[in-house]
Participant: 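Dropping a structure here in structure tokens format, bear with me for questions.
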Protein chains: 2
Amino acid sequence: MSGAANSWQAVRAEVLRRIRSREWAPGQPIPHEADLAQELGCARATVNRALREVAESGLIERRRRAGSRVALHPVRRATLDIPVIRMEIETRGEAYDFSLVSRAEEVPPPAIRARFKSAPEARLLHVVGLHMADGKPHALEDRWIDAQAVPGAGTTDFSQISPNEWLVLSVPFEGGDIAFSASVASPAEAEALGCPAGAPLFVTERATWRNEKTLTSVRLLFAPGYRLHTRL
Amino acid sequence: MSGAANSWQAVRAEVLRRIRSREWAPGQPIPHEADLAQELGCARATVNRALREVAESGLIERRRRAGSRVALHPVRRATLDIPVIRMEIETRGEAYDFSLVSRAEEVPPPAIRARFKSAPEARLLHVVGLHMADGKPHALEDRWIDAQAVPGAGTTDFSQISPNEWLVLSVPFEGGDIAFSASVASPAEAEALGCPAGAPLFVTERATWRNEKTLTSVRLLFAPGYRLHTRL
DNA sequence: CTCCAAAATATGTTCATACTTATTAGCATA
DNA sequence: TATGCTAATAAGTATGAACATATTTTGGAG
């Protein structure tokens with residue numbers, strides 16, 4: 001027999017083995033927790049823990065009363081770590097620096113206004129800055145902040161600390177969304193990032209909210225060559 | 001519901017509240033599981049479950065004997081769903097189609113050979129194809145497969161099923177890595193994707209392995225406008 | 001036969017308890 | 001002072017039992 005030990009990891013390993021070996025085929029139901037527990041010689045709670053982990057990875061689907069079944073179209077799930085930019089750079093052993101490009105209260109363009117659901121003439125704090133690694137441009141940060149909803153934002157000048165880091169440290173938030181895409185450098189962006197106009201830029205756009213209200217929205221343009229990497 | 005005072009969700013919510021309110025400040029240790037259990041009137045296992053979830057989200061760090069502490073530099077963790085391309089398109093209600101561009105056994109370029117750790121003269125299966133949504137180009141797939149390590153790959157012609165889907169359905173794998181970046185369309189890529197040369201393309205590069213051996217390596221070029229989106 | 005309520009059932013959760021393991025701190029030794 | 005052993009400790013895990021909850025099945029009423 002394969003899974004002799006009765007740890008939940010061993011149960012998970014055995015479950016994965018059976019799925020990979022097609023002993024349990026895609027779309028088919030797998031034995032009930034109680035049966036598996038008896039077969040593998042452990043408690044149902046142990047099987048439950050193992051199956052919960054497998055379900056989180058997307059390989060099986062579980063429903064009360066209906067039981068568990070091997071997912072028909074396995075969705076791989078990857079977890080991305082999104083660190084504060086300064087940490088990301090310093091972890092690579094490079095020197096971090098941030099320079100503020102502009103900071104102003106402005107009436108946002110329609111796309112941003114829609115995201116904040118703010119009034120047509122309402123002003124938001126608009127901060128642009130450049131993150132640098134070893135003196136070279138790393139990422140251009142273009143951020144809008146609802147100063148009303150973020151206490152202290154209006155009185156921070158962001159020349160000593162990037163809004164990226166200040167917000168992470170100061171503003172508790174409940175949720176957010178993030179999108180990744182590709183763009184080409186406009187002349188102005190190329191100038192700031194020190195790359196040719198038309199160069200491919202990796203873009204992340206993020207919004208974070210609390211109490212149904214958007215607190216801040218940011219667009220990060222990464223200098224050419226940037227790669228976001230993870231295991232799965 | 002998650003409202004029950006002594007549910008693990010309630011414990012998690014309380015823990016998150018204390019972190020957000022700075023009652024537990026970044027870098028500081030939080031009470032032991034046993035103490036929290038007593039204070040919140042639940043079992044230690046319940047607290048353990050809650051803290052494990054919070055730790056997975058990156059907000060606290062846990063170490064045996066040392067206890068748990070609020071993370072000093074909170075790393076946001078986002079989970080990305082990476083579906084089979086056909087499913088992704090059909091879920092949006094669009095018609096999926098795949099067309100094979102080329103399929104051949106070739107000696108791979110050095111970058112690919114390094115990834116497969118294959119011998120200098122060794123040949124790999126090279127498959128290029130185009131995924132389409134509602135008749136329009138969606139993504140260009142450029143894939144290398146170790147036909148020796150993937151049974152059946154050599155005899156599948158991939159004109160009826162994309163290598164993307166075939167591999168997901170047929171090949172059990174243990175792990176992989178994935179990277180996201182930006183690129184600009186070369187003339188050939190622009191031709192295939194029906195976009196102007198120089199257009200920004202979102203790129204994913206993935207490798208999957210089993211038993212320390214790389215099974216397949218793929219580069220997906222997404223047509224301009226593609227966005228990868230998730231909650232956090 | 002259709003529709004709705006009740007029973008059955010598999011997963012989900014909580015609990016008390018016991019044991020395991022990694023890590024630290026303190027102490028003794030070289 | 002540096003090093004290695006040992007004990008203390010907090011998280012990690014396992015268990016059986018009980019109850020909760022969602023969902024399907026069944027069976028009865030109309």
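Per chain, numbering begins at 1; letters A, B, ... match sequence-line order.
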Participant: How long is the line joining CH2 of B:W8 and P of C:dG12, in whole Å?
Facilitator: 11 Å
Participant: Mind calculating the distance between CZ (B:R64) and P (C:dA22) to the nearest angstrom?
Facilitator: 6 Å
Participant: Could you check B:E90, B:E165, B:H131 and say which one makes a side-chain hydrogen bond (donor to acceptor under 3.5 Å, both in side chains) with B:Y96?
Facilitator: B:H131
Participant: A:N48 has an atom CG; how far is it from atom C1' of C:dT14, in whole Å?
Facilitator: 12 Å
Participant: Only one of A:T216, A:V150, A:V168, A:L215 passes side-chain contact (heavy atoms from CB on, under 4.5 Å) with A:F173; say which it is.
Facilitator: A:L215
Participant: With no hydrogens and no angle check, is any side-chain donor or acceptor of B:R77 less than 3.5 Å from a backbone partner on B:E56?
Facilitator: yes
Participant: According to a strict under-4.0 Å criterion, is A:S68 in side-chain N/O contact with OP1 or OP2 of C:dA10?
Facilitator: no
Participant: Is there a side-chain polar atom (N or O) of B:N6 under 4.0 Å from OP1 or OP2 of C:dT13?
Facilitator: no
Participant: Below 3.5 Å, does any donor atom in the side chain of B:R44 face an acceptor in the base of D:dT13, or the other way round?
Facilitator: yes
Participant: In terms of side-chain heavy atoms of A:S7, which of C:dA10, D:dT13, D:dA11 is nearest?
Facilitator: D:dT13
Participant: Specify the separation, in whole Å, of atom CD of B:E53 and atom C1' of C:dT13.
Facilitator: 13 Å
Participant: So does A:Q9 have more than 12 non-hydrogen atoms from other groups sitting under 6.0 Å from CD?
Facilitator: yes
Participant: Mind calculating the distance between CD (A:Q38) and P (C:dA10) to the nearest angstrom?
Facilitator: 14 Å
Participant: Find which nucleotide of DNA chain D each of A:A43 and A:R65 is nearest to by heavy atoms, and output the residue with the more 5' nucleotide.
Facilitator: A:A43
Participant: What is the nucleic acid contact for B:R49, judged by heavy atoms within less than 4.0 Å: base, sugar-phosphate only, or nothing?
Facilitator: sugar-phosphate
Participant: What is the nucleic acid contact for A:Q9, judged by heavy atoms within less than 4.0 Å: base, sugar-phosphate only, or nothing?
Facilitator: sugar-phosphate
Participant: Taking atom C1' of C:dA22 as reference, at what distance in whole Å does atom CD of B:E61 sit?
Facilitator: 17 Å
Participant: Return the value, rounded to whole Å, for the distance between atom CZ of A:R62 and atom C1' of D:dT21.
Facilitator: 14 Å
Participant: How close or far is atom P of C:dT21 from atom CD of B:E33, stated in whole angstroms?
Facilitator: 17 Å
Participant: Are OP1 or OP2 of C:dT13 and a side-chain N or O of B:T46 less than 4.0 angstrom apart?
Facilitator: no
Participant: Supply the atom-to-atom distance B:T156 OG1 to B:L125 CG, rounded to the nearest 0.5 angstrom.
Facilitator: 9.0 Å
